[in-house]
Structures are given as C-alpha cells and as structure tokens.
Undergrad: 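For reference, the structure I am asking about is given below.
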Amino acid sequence: MDFNKEELSQIINKVLKELDQKPSGSSGDYGVFSTMEEAISEAKKAQKELQSKFSIEEREPLITAVRKELHNHVEKMAVMAEEETGMGRCEDKVIKNQLAIDKTPGTEILTTEAYSGKLGLAIVEQAPFGVICSITPSTNPSETVINNAISMIAACNSVVFNPHPNAKKVSLYAIKAINKAIIDAGGPANLITAVAEPTLQTVERCMKDDRIEMIVATGGHGVVRAALSSGKKAIGAGAGNPPVLVDDTVDFPKVANDIVRGAAMDNNLLCTSEKAIVALDCIADKLIECLLEESVQLVKDPKPLERVIIDEDGSINKALVGKDAAYILEKAGIEAIDQDLRMVLIDVDIDHPLVLKEQLMPVIPLVRAKDFKEAMDMGVKIENGNRHSAMIHSKNVDNLTAFAKRIGTTIYVKNAPSFAGLGAGGEGFSSFTIAGPTGEGITCARTFTRQRRCILVDGFSII
Ligand code: NAD
C-alpha cells in the first residue's frame, strides 16, 4: 500500500497521540498508582496537557463522555459501596450516583464577567488552580468522586483523590471508569489519580506536596480542620446535624412522607438529611400518628438505643452508622415490627444526646416546642453552628423567613425532603461537597477556579 507524505504524517501523528494517551506512569492503572509521588506527578502532567491543548469548548465533550460512561456503572457502584462499607441502601445509592452524574454542572457554569465604559474594557475569567487534592468520605464515596471530578476537570484542574480507606474499592473503581472515558474521548490520561492503598499518611503526604495548589476536604470535623491547617488554599465541607421544624400550618400526611423520605434516604448517610424533628407541641401527636403510617417504628424507651448508639466515651458507635433501622433495633434488643422498616422514632427532650450528635443512622428523635420561637431556638441548638443544612415545613411566610434568618445554614429546604436541596426534586444543580465552614456553599466548577482580571484601557468599548 502506498501513502503520500501527508497521509504518512497523519498516520504517524495518530499513532503518537494514541501512545501518548495510554495510561502513563510505570504502575499506572487508569489513574491508580502505587505511590503518591507518581499519582501527583502524573496528575501534574495531565493538568498541563489539559490546559495547553483543551479549550473550554473542548473540555465539555470529555465531561459528556464521562457522564455517558458512568451511566453503565451506576448499579455496580451502588452494590460495591454497600458491600464494601456495610452502610446504606443500594437502591438509594443508585439515585445518589445518578444525581451526581446528571446534575453536576460542567463547563456551562463558568462565565466571563465584563465591565465596559469610557475607560475601555475589563474582563474577569475563571482560571484553573492546577492540581487539587480531594479527600472524600465513606458515606458518598463514588458520588463525591464523580461530582468533584466533573466540577474540577470542567474548571481545567486535575485531581489527586484521597478516598476513605474503608471505601477505596468503589472509589478507585469510579476513578478508573472516569479516566477510561476521558482517554477514549481523546483527553489526557491521569486527569484524576489516586494511590491503590489510601491511608491517613498518604493524605498527609499529598496535602504537603508543593505541586498541590488546593485542598478540598469532604468529611467530618477532623479532616476539615486538617485541611484548614495545611497553609494552603482549602475548602472545607464538614459535618452537619440538620433539624427539621414542623409548625401547625402544614398539610398532613404529606409532611410525614417528606420527612421520612429525606431522613431514611440511604439510611440517613447524607450530611444534609433530617437528623432531628422539632414539632410544635400542638401538632406533635398528629405528626407521630402520620409518621407511623410511613414504615416508622416509635420506641417509647430510648435507653436501650442510646446504649448501643453511643459509646462509653460519648462518641457515636461507628458499627451502626448507615445500618438498617431493623438491624439497629435488633442490636438494642428491641423487636422490629417490620424488617423493611425505614426509620425509628424516639420522643425525647432537646438535651438528649441522640438529638445533639450527628448519628448518620435512621434513628430520628422528635422534640416538642411550646411555640415557634422555642422551636427556632431548638433548631439552632441542634444545628450547632455547622452552617450546614436545615429544613422547615410551614405555610406561614413569617415563620419560613424567621427561621431562615436565625439558622443561617448553607442549605435551607422548605416543605420538601432534604434532598430537594441537592437538586433531587428541587431546583438547582447537585453537589456532594457542601462547603459550609469555608463558605463556598454548594460547590461546582466555579468554586475550583481563580478569578483573573484583564484590562484594556481606551479600547473595545463600542458605545
Ligand atoms: P471522615 O471524616 O471519617 O473521613 C472523610 C475523609 O477524610 C476520609 O477520606 C478520611 O480518610 C479522611 N480523614 C479523616 N480524618 C483525617 C485527618 N485527620 N487528616 C486527613 N484526612 C482525614 O468522614 P466519613 O465518615 O467518611 O463521612 C461522614 C462525615 O462527613 C459526616 O460527618 C458527614 O456529615 C460529613 N460529610 C460532609 C459532606 C459535606 O459536603 N459537607 C459530605 C459528605 C460527608
């Protein structure tokens, strides 16, 4: 077969490009490396390539390819996460993964600002940081990897993921699927990386590396504190303890159905889920009656539950986090009325430890308030200054507004299950990194950019 010079050159270029796109690094397996050094240096290379060869328009097809590919893995990731972590409910994990895939914004959320006038034109563009260290939780493992990968790559960064050691298999599975989709779509290899055996030491090593430009910590107070003490630009998405207030203007039984759907979602693993109900005393009994119609069991004496949920040192028993309601009852020596029970309800005082601690279990305390002012005080006490999430059910505009002002949370959901605040059955995009402590809010590609201003004096203003 004869080729002319131009055809030959095209073939050589194609082969070279393909070779270049093979997962690189001696031990690399679609972004997964044996050492943190390799994970960081390959992510650095990939980011340089992304920034120099892919315009914003050329990044979007990579994101589209990632979404398309991930749809083939949703059920698998849900099963893997449940098996590996022993937490949550598979069918709910399917919904959470789909939400991350479909409703995390891509490059469309990045916009250029312009100021024009007699002095000319100024534009503000959103530039990448470079390589981001993203630390992800066990409670939404693949969801956080997917959500952060889409947002951070859309913003032209690369990412070194540090998954929770207890959720490494499913997190690394998502990382490999994402890298494969990017490579198949003609993008750089290793835009997201990780080590095969993540530990606290590998996270520390990653956070300290000079090539890491930003740290994004999604998890409990400890990891947020560690990220904020790193001396680098850090975004902290920490723990919450969302209250849900119910006043006397609500529709029954809708309110009970909304609360159970939010609180029981993935066995209450979401940091945004309803963790304690504050009901006005005048409607509390009616609310309990309606909740009991929603596959909920009321436990009159909370002591046995308290004993198994709270350890001697006052911390939450990790072995029960994200477990089924019937399983938790069994551990407490209480017979479950139904093995498919969605939620356990206890009727207690505001100072009960199961009210004030973030449990991440489908065991939800209800506290009674004599009036709306007291209900707000209780809501604020339960939320404990996390600035995370709160819910309210009311048709009284004054009440809806007053609690919003008092509670000051990043997410405030009115008359719907908590997940409406994540874009599931509510307006707005989705995120699994809710940055309350550092104030970025519901993160998206914009969050992971640097603002750069470019000014031309005496030109380009056309009016
Ligand atoms: P976790 O805090 O135990 O772990 C989160 C991640 O941080 C893991 O990768 C872990 O290895 C790492 N880590 C923990 N301590 C660290 C330290 N001192 N230094 C460096 N890395 C450290 O959390 P989890 O149990 O996996 O997740 C549940 C917690 O995360 C809950 O408190 C929940 O509210 C919170 N959370 C918050 C958000 C949010 O967007 N705000 C999202 C999901 C989970």
Side-chain angles (χ1 to χ4, degrees), residues 36 81 84-88 93 96 99-100 104 133-148 151 159-168 170-172 175 194-195 197-208 212 215-230 232 234-242 265-275 315-323 357-361 383-384 386-390 409-411 418-419 421-423 430-444 447:
M36 188 49 85
E84 185 179 11
T85 64
M87 302 190 295
K93 291 183 188 297
K96 285 165 60 182
L99 194 61
T104 301
C133 159
S134 168
I135 306 161
T136 56
S138 57
T139 46
N140 316 313
S142 52
E143 298 89 335
T144 311
V145 166
I146 294 166
N147 168 238
N148 280 354
S151 295
V159 195
V160 179
F161 277 106
N162 291 268
H164 195 293
N166 296 349
K168 70 180 174 201
V170 65
S171 306
L172 298 181
I175 288 169
V195 291
E197 291 300 334
T199 60
L200 275 188
Q201 289 69 38
T202 55
V203 184
E204 278 165 26
R205 159 78 181 81
C206 185
M207 289 204 289
K208 281 190 187 132
I212 297 292
I215 297 166
V216 179
T218 313
H221 295 305
V223 68
V224 169
R225 247 192 319 271
L228 295 183
S229 331
S230 67
K232 293 192 177 176
I235 292 181
N241 198 37
M265 175 75 173
D266 209 16
N267 284 342
N268 203 259
L269 281 181
L270 283 162
C271 53
T272 47
S273 284
E274 295 81 350
K275 300 281 188 275
S315 61
I316 291 293
N317 177 4
K318 287 224 162 85
L320 293 185
V321 167
K323 293 291 188 207
K357 281 184 195 295
E358 185 198 37
Q359 297 173 50
L360 303 163
M361 294 174 206
E383 213 280 323
N384 195 24
N386 291 313
R387 297 184 168 190
H388 200 298
S389 302
T409 47
T410 305
I411 295 179
S418 49
F419 48 69
L422 297 178
S430 191
S431 176
F432 284 82
T433 293
I434 315 299
T438 47
E440 291 78 6
I442 298 145
T443 57
C444 64
T447 315

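Ligands are counted one by one from 1 in listed order, and the atoms in each one are counted from 1 as well. Keep in mind that what you see is a predicted model, and the values were worked out from it rather than measured.
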Undergrad: Go through the structure and list residues passing side chain to side chain contact (heavy atoms under 4.5 Å, CB included) with P141, not counting sequence neighbours.
TA: A81, E143, A167, V170, S171
Undergrad: Is the side chain of Q359 donor-acceptor paired with the backbone N or O of K275 at a distance under 3.5 Å, no angle test?
TA: no
Undergrad: Please say whether P137 places an N or O atom under 3.5 Å from an N or O atom belonging to ligand 1.
TA: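 No, there is no polar N/O contact under 3.5 Å.
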Undergrad: Do L422 and I434 have side chains that approach each other closer than 4.5 Å (heavy atoms only, starting at C-beta)?
TA: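 L422 vs I434: side chains touch.
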Undergrad: Below 4.0 Å, non-hydrogen atoms only: which portion of L200 touches ligand 1? Side chain, backbone, both or neither.
TA: side chain
Undergrad: Name the closest protein heavy atom to atom 40 (O) of ligand 1, giving the residue it belongs to and the distance to 0.1 Å.
TA: I434 N, 2.6 Å
Undergrad: Answer whether the closest heavy-atom distance between the side chains of N384 and N241 falls below 4.5 Å.
TA: no
Undergrad: Are side-chain N/O atoms of N148 and S134 paired as donor and acceptor at under 3.5 Å?
TA: yes
Undergrad: Check each atom of ligand 1 against the heavy atoms of I135 and keep those under 4.0 Å away; list them by number with element.
TA: 6 (C), 7 (O), 9 (O), 12 (C)
Undergrad: I need the nearest protein heavy-atom contact for atom 4 (O) of ligand 1: residue, atom name and distance, please.
TA: H164 CD2, 3.4 Å
Undergrad: Against heavy atoms of A237, which atoms of ligand 1 measure under 4.0 Å?
TA: 37 (C), 38 (C), 39 (C), 40 (O), 41 (N)
Undergrad: State the atoms of ligand 1, each with its element, that fall below the 4.0 Å cut-off from a heavy-atom position in A226.
TA: 19 (N)
Undergrad: Record the part of E358 in heavy-atom contact with ligand 1 below 4.0 Å; permitted values are side chain, backbone, both and neither.
TA: side chain
Undergrad: If we only count heavy atoms from C-beta on, is the E274 to P242 side-chain gap below 4.5 Å?
TA: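 In short, these two side chains do not touch, never coming nearer than 4.5 Å.
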Undergrad: Show me which atoms of ligand 1 lie under 4.0 Å from any heavy atom of T433.
TA: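 What qualifies from ligand 1 is 40 (O).
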Undergrad: Taking K232 for its side chain and I215 for its backbone only, find out whether a donor-acceptor pair lies under 3.5 Å.
TA: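 Here the side-chain-to-backbone pair does not exist.
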Undergrad: Looking at N162 and I135, would you say the former's side chain and the latter's main chain have a donor-acceptor pair under 3.5 Å?
TA: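 Pair absent, no side-chain N/O of N162 close to backbone of I135.
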Undergrad: Of all the heavy-atom pairs spanning N267 and G322, show the shortest one and how long it is.
TA: ND2-O, 3.0 Å
Undergrad: Counting heavy atoms only, which of S138, A167, G436, S431 is nearest atom 24 (P) of ligand 1?
TA: S138
Undergrad: Should C206 and I212 count as side-chain neighbours, where that means a heavy-atom distance under 4.5 Å?
TA: yes
Undergrad: With heavy atoms only and a cut-off of under 4.0 Å, state how H388 meets ligand 1: side chain, backbone, both or neither.
TA: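 Under 4.0 Å from ligand 1, H388 contributes side-chain atoms alone.
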Undergrad: Quick one: look up the protein heavy atom nearest atom 18 (N) of ligand 1 and list residue, atom name and how far away it is.
TA: G222 O, 4.0 Å
Undergrad: Give the residue and atom name of whichever protein heavy atom lies nearest to atom 37 (C) of ligand 1, and the separation in Å to one decimal.
TA: G238 O, 3.2 Å
Undergrad: Could you give me the CA-CA distance, side-chain angles and deciding distance for L270 and K96, then say whether side-chain contact (heavy atoms from CB on, under 4.5 Å) is met?
TA: CA-CA 10 Å; L270 283 162; K96 285 165 60 182; 4.0 Å; yes
Undergrad: Run the numbers for me: atoms of ligand 1, each under 4.0 Å from some heavy atom of T139, listed by number.
TA: 27 (O), 28 (C), 44 (C)
Undergrad: Would you say K323's side chain and G86's backbone share a donor-acceptor pair under 3.5 angstrom?
TA: yes
Undergrad: Give me the residue, atom name and distance of the protein heavy atom closest to atom 9 (O) of ligand 1.
TA: T136 O, 2.7 Å
Undergrad: Side chain, backbone, both or neither: which part of N166 has a heavy atom under 4.0 Å from ligand 1?
TA: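 Contact part for N166 vs ligand 1: neither.
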Undergrad: Not counting sequence neighbours, which residues clear side chain to side chain contact (heavy atoms under 4.5 Å, CB included) with P137? List them please.
TA: T139, T144, T218
Undergrad: Taking E383 for its side chain and R387 for its backbone only, find out whether a donor-acceptor pair lies under 3.5 Å.
TA: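 A pair under 3.5 Å: yes.
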Undergrad: Pick from N147, L99, T433: which one makes a side-chain contact (heavy atoms from CB on, under 4.5 Å) with T104?
TA: N147
Undergrad: Can you report which non-hydrogen protein atom sits closest to atom 35 (C) of ligand 1, along with the distance?
TA: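 Protein heavy atom with the smallest distance to atom 35 (C) of ligand 1: G219 O, 3.2 Å.
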Undergrad: What I want to know is whether V203 and ligand 1 share at least one N or O pair that is separated by under 3.5 angstrom.
TA: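 No: no nitrogen or oxygen of V203 is under 3.5 Å from one in ligand 1.
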Undergrad: Can you figure out which of G220, C206, S273 has its heavy atom closest to atom 23 (O) of ligand 1?
TA: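 Of the listed residues, G220 has the closest heavy atom.
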Undergrad: Please list the nearest protein heavy atom to atom 43 (C) of ligand 1 with its residue and the distance rounded to 0.1 Å.
TA: N140 ND2, 3.5 Å
Undergrad: Can you tell which of C271, S230, G322, P437 gets a heavy atom nearest to atom 39 (C) of ligand 1?
TA: C271
Undergrad: Looking only at protein heavy atoms, which one is nearest to atom 14 (C) of ligand 1, and how far off is it?
TA: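 Here the closest protein heavy atom is V223 CB, 3.8 Å.
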Undergrad: Which of the atoms in ligand 1, numbered in the order shown and given with their element, are less than 4.0 Å from a heavy-atom of N162?
TA: 9 (O)
Undergrad: With a cut-off of 4.0 Å, which atoms of ligand 1 are near a heavy atom of T218?
TA: 5 (C), 38 (C), 40 (O), 42 (C), 43 (C)
Undergrad: Below 4.0 angstrom from a heavy atom of P165, which ligand 1 atoms are there? Numbered from 1 as shown, please.
TA: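 The atoms of ligand 1 under 4.0 Å from a heavy atom of P165 are 11 (O).
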